[in-house]
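These notes are about the structure you will find just below.
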Amino acid sequence: MAKVLVVTSGKGGVGKTTSTAALGAALAKGGQNVCVVDFDVGLRNLDLVMGAERRVVYDLINVVQGDAKLAQALIKDKRCETLSLLPASQTRDKDNLTAEGVERVMGELREKFDWIICDSPAGIERGATLAMRHADVAVVVTNPEVSSVRDSDRIIGLLDSKTERAERGEEIQKHLLLTRYDPVRAERGDMLKVEDVLEILAIPLLGIIPESADVLRASNLGTPVTLSDATSAPAQAYMDAARRLNGEKIPMVIPDGRRSLFGKLFGRRAA
Amino acid sequence: MTSANPTSNPIRFRGRSFVALVLAPELPFGDWLERLDTLAERSAGFFLGRPIVLDVAGVAMTKADLAELIAELHKRNVRIMGIEGAKPSLLGLGLPPEMRGGRPAGDIEAPETPAPVETKPATDVASDAHDQPQAVQMTAAQSQPTPSLIIETPIRSGQSVVFPEGDVTVLGSVASGAEIVAGGSIHIYGTLRGRAIAGSIGNANARIFCQKLEAELVAIDGLYKTAEDMESQTRGRPVQFWLEGDALKTAAL
């Protein structure tokens with residue numbers, strides 16, 4: 001049974017595209033057929049993070065408007081054969097997305113893949129609402145700071161009202177993914193603690209991804225962080241999160257910023 | 001909205017919700033008035049004294065036609081309180097005012113006046129000894145117990161709960177950027193981070209209760225306090241708000 005997952009947040013720049021790529025790659029490595037879809041028409045980034053920007057011929061808008069078939073637009077990942085990408089257009093904008101077109105594309109994707117991960121644009125307008133419309137599961141990406149939390153709360157409200165599932169009266173499964181978590185700043189009180197965020201948002205926690213230079217490195221290389229360095233802290237956190245999406249119960253590890261002696265001597269964090 | 005100021009006596013506009021009966025006349029008016037008369041015979045007294053709104057959207061008529069229609073309705077004891085859907089050129093002083101923003105509230109059936117009982121039931125032994133002609137039923141408006149809205153999920157940012165009919169109870173928190181507008185009191189079994197506006201239709205007895213006060217704004221019957229004006233010792237505590245005269249009072253629960 002295919003599952004459509006939307007990665008959304010409300011606020012921009014919190015890690016939606018990074019998380020879409022990382023979770024997609026982690027699920028695909030586990031053997032499932034995964035397609036990641038970029039809904040950020042006009043400001044596409046998923047193709048960059050996946051390292052496919054030089055192979056884009058047709059995109060989501062072409063398929064929605066009937067100019068190309070889905071198979072022509074899908075880009076297979078070179079590193080993982082069960083992972084595919086449906087990129088967004090860079091020259092058009094969100095007004096070219098139609099509800100019927102998206103519904104048709106989602107239907108076609110459901111027949112081919114086990115997981116369809118939709119990378120939502122920031123905001124609460126048409127692009128975001130179309131990305132979440134057909135979702136069965138939602139991952140709400142939040143940074144542990146006040147404006148991100150309030151925007152995530154808003155998007156949770158929209159998930160409960162603007163999705164097809166909500167309109168049918170069914171429950172849409174929501175998960176919280178806390179990204180860019182810096183334990184030192186949380187301890188100092190500059191950032192919200194995990195309990196504070198959970199108290200405000202009141203949805204189950206999927207994972208805590210620590211702030212790390214590995215994420216930027218991976219996106220510059222054009223690889224999802226779970227494929228580039230599977231031993232780094234964020235990669236491990238994303239792998240655990242993917243396993244939790246599959247239903248496994250794994251104890252949550254809250255990164256605590258402790259570093260080994262080697263790390264203390266040679267790994268000074270730049271201010 | 002006015003701030004709590006005991007010296008001045010501000011004039012306050014209050015909101016009130018009524019359910020109006022809407023009649024939609026059809027051309028030709030003569031025929032429609034005849035049908036109205038038939039209805040009036042069947043349901044005597046239904047229109048008596050009740051304010052009626054006339055919906056003339058889509059009906060082609062002149063100012064004179066409209067004035068004549070209203071005069072005819074007056075003869076039948078139908079008092080027009082307002083007109084909906086009229087072109088601005090049709091209205092003016094002397095005619096009922098324009099009504100806008102009405103929301104549908106279901107169809108209303110005119111109750112049938114029961115026919116007076118004429119003969120004594122011969123074989124009925126258990127019934128009343130006297131049989132009286134049944135009087136015309138005048139439906140008296142009964143005062144209803146205050147309805148109450150209970151919400152079991154948290155209120156998310158950007159959501160707005162509007163319930164002018166009575167109290168609102170929330171089993172959960174109210175997020176920053178959300179608001180609750182109630183005609184009665186507001187009870188929050190959780191943290192209030194947004195806005196709570198109680199007594200919105202003019203009820204000075206309404207109160208606001210919450211288990212943890214982090215509110216952005218509270219208001220009762222038009223008098224409001226923002227987070228800045230709330231005493232710091234009440235923040236983060238279980239608290240109730242009520243109105244004493246023109247002052248919005250707070251106390252820890």
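Order of the sequence lines fixes the chain letters, A, B, ..., with proteins taken first and strands second; residue numbering starts at 1 for each chain.
- Side chain of B:R156 to main chain of A:L201: a donor-acceptor pair is present (N/O by atom type, distance under 3.5 Å, no hydrogens or angles).
- Heavy atoms from other residues, nucleotides or ligands lying under 6.0 Å from CZ of B:R237 number 12 at most.
- Contact detail for A:D153 and B:I155: the closest heavy-atom pair is OD2-O, 4.3 Å.
- Contacts with chain A were tallied for B:G172, B:P154, B:S176; B:S176 has the most, counting heavy-atom pairs under 4.5 Å.
- Every residue meeting the salt bridge (Lys or Arg N to Asp or Glu O under 4.0 Å) condition with A:R110, not counting sequence neighbours, appears here in chain and number order: A:D136.
- Contacts between residues 186-199 of chain A and chain B, defined by a heavy-atom separation under 4.5 Å, are made by A:E199.
- Other residues, nucleotides and ligands place more than 12 heavy atoms under 6.0 Å from the NZ atom of B:K225.
- Of the atoms belonging to B:T191, it is side-chain heavy atoms, and not backbone ones, that fall under 4.5 Å from chain A.
- A:I156 contributes atom CD1, which lies 10.0 Å from atom CD of B:Q159 (distance to the nearest 0.5 angstrom).
- When the shell of 6.0 Å around CD of B:E228 is examined, it contains 12 or fewer heavy atoms from other residues, nucleotides or ligands.
- Side-chain contact annotation: B:S157 with A:R150, donor-acceptor N/O pair under 3.5 Å absent.
- Environment of CD in B:E152: sparse, with no more than 12 heavy atoms of neighbouring residues, nucleotides or ligands closer than 6.0 Å.
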